[in-house]
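All residue numbers in this chain count up from 1 along the given sequence. Everything quoted here is computed from the prediction, not taken from an experiment.
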Amino acid sequence: MHAFLFLCSLLLCNGVTVAAQKKIQKLPDEEEESLPQIRTPQTLSRGWGDDIEWAQTYEEGLARSKNSKKPLMVIYHLEECPYSQALRKAFASSPEIQQMAQEDFIMLNLVHSSSDDNMAPDGHYVPRILFVDPSMTVRADLTGKYGNRMYAYEPEDISTCE
């Protein structure tokens, strides 16, 4: 019995010693490389404004718009598009736009096209922002300043929206 306890103690000490040696010998660069990359969870805001209550789908946005009598603002963008990134940065950093989005609109941002053809009246380019009134009509009179991309907005256009 004493031999068994001695053997277990010896194995435990050996295991602790090996683990300590591995930890001591590991270089800081190796430690960082071995750790998995930690990513923050993706929220519905996708960087457009974390304090805004975002609709999850186009259908949900339409229903919330109809019930609240507020227009729906739909932002189409792509995560890796530099124009979308620039517009997102300007949108998120404007306190006036953020407040307007929180108080006056039902908000939806999409990284894919809607199946509703009314949501791409002049093409599927990004970024584009469309407004849908509570009667579920796309507002063709609310457009940007570009004739060939009616619903396109650029970062410098944010100041005209405030």
For this session: I would like to know whether Gln99 and Glu103 meet side-chain hydrogen bond (donor to acceptor under 3.5 Å, both in side chains); could you show each step before the answer?
Result: CA-CA 6 Å; Gln99 182 178 1; Glu103 296 174 1; 3.1 Å; yes
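Within a 6.0 Å radius of CD in Glu53, other residues, nucleotides and ligands contribute 12 heavy atoms or fewer. In the displayed structure, Lys89 atom NZ is contacted under 6.0 Å by at most 12 heavy atoms of other residues, nucleotides or ligands. Enclosure of atom NZ in Lys70 by more than 12 non-hydrogen atoms of other residues, nucleotides or ligands within 6.0 angstrom is indicated.
Between Trp48 and Leu87 the shortest side-chain heavy-atom distance falls below 4.5 Å. Contact annotation: the side chain of Pro121 approaches that of Leu130 to within less than 4.5 Å [non-hydrogen atoms, C-beta and beyond].
Here the OG atom belonging to Ser65 is positioned 6.5 Å from the CD1 atom belonging to Ile106, to the nearest 0.5 angstrom. Met100 contributes atom CE, which lies 7.5 Å from atom OG of Ser94 (distance to the nearest 0.5 angstrom). Taking OH of Tyr153 as the start and CD1 of Ile75 as the end, the distance is 10.5 Å to the nearest 0.5 Å. Between the OH atom in Tyr125 and the OH atom in Tyr83 there is a gap of 14.5 Å [rounded to 0.5 Å]. One finds the CD1 atom of Ile97 at 7.0 Å from the CE atom of Met73 (value rounded to the nearest 0.5 Å).
Under the 6.0 Å cut-off for aromatic ring centres, Phe131 and Phe105 qualify, their centroids lying closer than that.
A donor-acceptor pair is defined here as one N or O able to donate and one able to accept, closer than 3.5 Å; such a pair exists between the side chain of Asn67 and the backbone of Ala63. The main-chain N or O of Phe91 is found under 3.5 Å from a side-chain atom of Gln98 such that the two form a donor-acceptor pair. In this structure, the side chain of Trp54 engages the main chain of Gly49 through a donor-acceptor pair within 3.5 Å. Panel note: side chain Asn109, backbone His77; no donor-acceptor pair is recorded below 3.5 Å.
Judged by the 6.0 Å and 45° rule, Arg149 forms a cation-pi pair with Tyr146. For the pair Arg128 and Tyr151, the cation does not sit on the ring face, since its NZ or CZ is not both under 6.0 Å from the ring centre and inside 45° of the axis.
Scored by the side chain to side chain contact (heavy atoms under 4.5 Å, CB included) test, Glu60 finds Ala55, Gln56, Thr57, Arg64 as partners (sequence neighbours excluded).
Salt bridge annotation for Lys145-Asp157: present, with a cationic side-chain nitrogen under 4.0 angstrom from a carboxylate oxygen.
Smallest separation of non-hydrogen atoms from Met119 and Val74: CE-CG2, 3.6 Å.
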Would you be so kind as to tabulate the donor-acceptor pairs closer than 3.5 Å made by side chains of residues 132-142, with sequence neighbours excluded?
residue, atom, partner, partner atom, Å
Asp133, OD1, Ser135, N, 3.0
Asp133, OD1, Ser135, OG, 2.6
Asp133, OD1, Met136, N, 3.4
Asp133, OD1, Thr137, N, 3.1
Ser135, OG, Thr137, OG1, 3.2
Arg139, NE, Asp141, OD1, 2.9
Arg139, NH2, Asp141, OD1, 3.4
Arg139, NH2, Asp141, OD2, 2.7

